[in-house]
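One structure is given below, encoded as structure tokens.
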Amino acid sequence: MSLAEASAHLLLSGAIIAAGGWVWETIYCSLASRHLERRGMLYGPTCPIYGVSAIVVWLALGWVEDTLLLFLLGCILSTVLEYTSGAMLERRFNRRWWDYSMFPGNFRGLVCPQASSVFGLFAVIDVKILQPSILGTLSTADQRLCMAAAALCLALYAADLLFTIARLDETTPRECIAEHACQLRRLVLH
């Protein structure tokens, strides 16, 4: 399998798990609040933190065979990922997409032991069940189809992210592209 094919498989796996995370959060939060909740920061039915975390956990911890060790390392890694992304989103957009301040032991409302335990369990499910199943299925599929699906998925995520940033910054997508292109040019030239 080529690096491009393996990357496409990981991207598709992450997209599938991100969509599953969106379904999970939408159902859980809607039941808890007793009304339909819109979850995630993007327009589409996806919570990318689940997909990105699943890929990072698989790449970093896929070798761990002991379930208890995998759970503990998954708790730690997922907590670091959740805190980092929450802090970055809060800093960039001056708002929060989740708040654990009502849970004992929380840190700045961005992480808490209860959520870390759930994500540790998710790490076990990810490494022992989800990734082997999803990646195994993708490895038997037509690779041209996988590559095309991954390219489409990447394009949809990029467009969704662009429109989301424009909405949050109260600009148009064209202004958003121009601003980020200027920032990228400054980074490259300096």
Side-chain angles (χ1 to χ4, degrees), residues 10-58 71 74-131 133-134 149-150 152-177 179-180:
L10 285 174
L11 190 140
L12 291 171
S13 175
I16 291 166
I17 293 170
W22 179 85
V23 169
W24 157 255
E25 282 208 6
T26 299
I27 291 171
Y28 175 80
C29 293
S30 295
L31 289 173
S33 69
R34 293 194 170 107
H35 68 275
L36 185 62
E37 290 275 337
R38 185 194 174 288
R39 300 303 299 170
M41 75 175 270
L42 299 177
Y43 284 106
T46 182
C47 287
I49 184 79
Y50 285 90
V52 171
S53 294
I55 292 169
V56 171
V57 164
W58 173 251
F71 172 79
C75 285
I76 294 166
L77 182 56
S78 297
T79 299
V80 169
L81 290 169
E82 185 170 40
Y83 180 81
T84 303
S85 28
M88 285 173 39
L89 286 169
E90 186 175 356
R91 180 181 168 108
R92 170 62 179 83
F93 298 108
N94 200 30
R95 68 178 278 200
R96 286 187 174 195
W97 276 265
W98 63 88
D99 184 8
Y100 297 131
S101 59
M102 76 288 288
F103 292 105
N106 78 82
F107 182 69
R108 294 192 53 227
L110 294 174
V111 292
C112 69
Q114 297 84 345
S116 296
S117 297
V118 170
F119 292 132
L121 178 62
F122 176 69
V124 172
I125 294 168
D126 182 48
V127 169
K128 302 268 186 190
I129 300 168
L130 292 178
Q131 293 299 348
S133 299
I134 295 169
L152 176 63
C153 199
L154 194 58
L156 289 172
Y157 268 106
D160 195 342
L161 183 61
L162 176 70
F163 280 94
T164 299
I165 291 171
R167 173 180 47 97
L168 292 171
D169 287 347
E170 297 177 354
T171 61
T172 66
R174 182 172 292 191
E175 292 168 332
C176 184
I177 291 170
E179 173 62 27
H180 290 285

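None of these values were measured; they are calculated from a predicted model. For the numbers below, each heavy atom of this structure counts, side chains included, while hydrogens, waters and symmetry mates do not.
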Pairwise side-chain contact, [X] with [Y], heavy-atom cut-off 4.5 Å (strictly under):
| X | Y | value |
| --- | --- | --- |
| L130 | I16 | no |
| F122 | I17 | yes |
| C153 | L11 | yes |
| F119 | Y50 | yes |
| C112 | M102 | no |
| V52 | L81 | no |
| L89 | W97 | yes |

Checklist entry - Hey, what do you get for OG1 (T164) to CG (L168), rounding to the nearest 0.5 Å? => result 6.5 Å
Do [X] side-chain atoms and [Y] backbone N/O form a donor-acceptor pair below 3.5 Å?
| X | Y | result |
| --- | --- | --- |
| N106 | F103 | yes |
| D160 | Y43 | yes |
| W98 | L110 | yes |

Next on the checklist: If we count only N and O atoms by modelled type, under 3.5 Å, do the side chains of R108 and Y100 hold a donor and an acceptor together?
Outcome noted: no
Checklist entry - Regarding S78 and S53, is there a side-chain donor-to-acceptor distance under 3.5 Å anywhere? => result no
Checklist entry - Can you list every side chain to side chain donor-acceptor pair (under 3.5 Å) pair that touches residues 120-130, not counting sequence neighbours? => result D126-Q131
Next on the checklist: salt bridge (Lys or Arg N to Asp or Glu O under 4.0 Å), that's the test. Do D169 and R92 meet it? Break it down for me.
Outcome noted: CA-CA 10 Å; D169 287 347; R92 170 62 179 83; 2.7 Å; yes
Checklist entry - A18 and Y157: which non-hydrogen atoms are nearest, and at how many Å? => result CB-OH, 3.5 Å
Next on the checklist: For R95, I'd like to know if atom CZ has over 12 heavy atoms of other residues, nucleotides or ligands within 6.0 Å.
Outcome noted: yes
